Structures are given as structure tokens and as C-alpha cells.
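Step one of this worksheet: look at the structure below.
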Amino acid sequence: MTPDLFGDENQTWSEALCPGAVVLRGLAMPDEAALLAALDDIAAAAPFRHMVTPGGFCMSVAMTNCGAYGWVSDRGGYRYDAADPDSGRRWPRMPDVFLRLATDAAARAGFDGFAPDACLVNRYAPGARLSLHQDKNERDLGQPIVSVSLGLPALFLFGGSRRDDKPARVPLTHGDVVVWGGPARLRYHGVMPLKDGLHPLVGGYRINLTFRKAA
DNA sequence: TAGTCGCT
DNA sequence: ACAT
């Protein structure tokens, strides 16, 4: 199934057209205040930073992590590391409110037993973007990806298994959760440059929580 | 190619 | 295309 079949820009995808991928719109967040407070605690312990790609470019998205493992990038490549390279300390533990949200969303998307040990926290300021890429540094590709959107809206690009497959354009906003796994696990994805705005709870940013089973 | 840049 |  190719992403072309999704059709027009504003058309939402469906499980029927994209096996293994689900968008949960406005997922109920039982304790949104606790979620955002936990986010602040993580950023205080492991500050957002702009990582460098193997090509030597500074990423526009600012990142931090929580959980047993964190995704890091430098001139040596991409990898998961139990320690924050900036501090040498372990990443902050994954808050229970994060874990519940991720496992509930995965279960609702048909992936029972998801037990993430890594949560990459991406912060998009206006103009920040992520070019098309695959998540393939995880040990067990049988485990899905759970992506939680907070704050400003963004246009998510969901492509095929080849870089030159035309991506579907999926608008995502605060409270949306995308889950992909199984046949969709290695699909290319990215985010268009963020537009300016102000979210009442999050401010002038989009925050994305990406849950993975890294090890 | 988790990048950027330049030309059609 | 470029360069990692």
C-alpha cells in the first residue's frame, strides 16, 4: 500500500489504507497537568539541546530524553545511550503518567504489552522541522512507535518504506497520538517546519513525546 | 541523508 | 547535487 492512496493534503489516513498505523485524535489525558509538570521536571534535569547529525549539522529540533535509554546523535552516528552525554548521568526516569499514556495508546492501536524503555522528547520552535527518516536504531522492530503531540499544531509527513514514496500529510495537534508498527514500522516520516503560534498551555512550542522499546 | 543549498 |  503506497502513501499516494491517501489522496489530498487534508485527508486523514485510516487503518484500512495504512495497515499498522493509527492516529488517535484528542486522546483523553487523565492528568494533563501532571503530564506537563513531569515534562518540566525532565527538562530541568536534562535540558533540551540541539544534537548534531553524523553529517555535522545542528538539528533544528531541540531534544532531551527520559527512561532507561535516550536517543542521541553526534558525528559518530545515531544510537541509544543510558547516559546523557551532556551530564554523564542517567536520563530522568520515565514518569508513570508518560508510561500509562504510551501503553494505553499502544493497546488501543492493537499493540498489547508495549513496554517502552525510551522516551525521546522533541521540542519544536517555529521553523523547526525533521526531514524524512526511519526509526531503525531499536533492537526489536516488532515493537511499535508511539508519538504524542503537545502544544502547537504541526503537519506530520508519513511516507512509505522508500524515501522517494510521496508522504501523506497528516495535521496533528495537542492531544493527538500516532502509533505505527508491524508492517508500518519502518516507514519514513518527518515534520514540516513549524508555524508560529501560541498554545494556551504549552506556549510557543510543539512538544513531541516519542516512546520506543530501544533495548 | 533525524542535513543544507540552488536551480527549474 | 553535495558530502558524511
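Just so we're clear, the structure is a prediction, and the values are computed from it rather than from any experiment. A note on names: the letters A, B, ... follow the listed sequences, proteins ahead of strands, and every chain is numbered from 1.
- Ring pair A:H189/A:F156 is tilted by interplanar angle, where 30° to 60° counts as tilted.
- Within the nucleic acid shown, A:R163 comes within 4.0 Å of at least one base atom, counting heavy atoms only.
- Between A:M192 atom CE and B:dG3 atom P there is a gap of 14 Å when expressed in whole angstrom units.
- One can place CG of A:L157 at 12 Å from P of B:dG3, the figure rounded to the nearest angstrom.
- Using a 4.0 Å heavy-atom distance criterion, A:T53 is classed as a sugar-phosphate-only contact.
- Atom C1' of nucleotide B:dT4 and atom CE of A:M59 are separated by 14 Å, given to the nearest angstrom.
- Contacts of A:D135 with the nucleic acid, taken as non-hydrogen atoms under 4.0 Å apart, include base atoms.
- Distance A:H50 NE2 to B:dG3 P: 12 Å, rounded to the nearest Å.
- Across all strands shown, B:dT4 forms a Watson-Crick or G-U wobble pair with C:dA1, both key distances being under 3.5 Å.
- Atom CZ in A:F57 sits about 9 Å away from atom C1' in C:dC2, given to the nearest Å.
- One can place CZ of A:R129 at 10 Å from P of B:dC5, the figure rounded to the nearest angstrom.
- A continuous path of hydrophobic side-chain contacts links A:L35 to A:F48 [ILVMFWY only; heavy atoms under 4.5 Å].
- With contacts defined as side-chain heavy-atom distances shorter than 4.5 Å, the pair A:T210/A:I145 qualifies.
- What separates NE2 of A:H133 from P of C:dT4 is a distance of 22 Å, to the nearest Å.
- The aromatic rings of A:W180 and A:F158 sit perpendicular, their planes meeting at an angle over 60°, well past the 30° parallel limit.
- At a threshold of 4.0 angstrom between heavy atoms, the contacts of A:R79 with the nucleic acid are absent.
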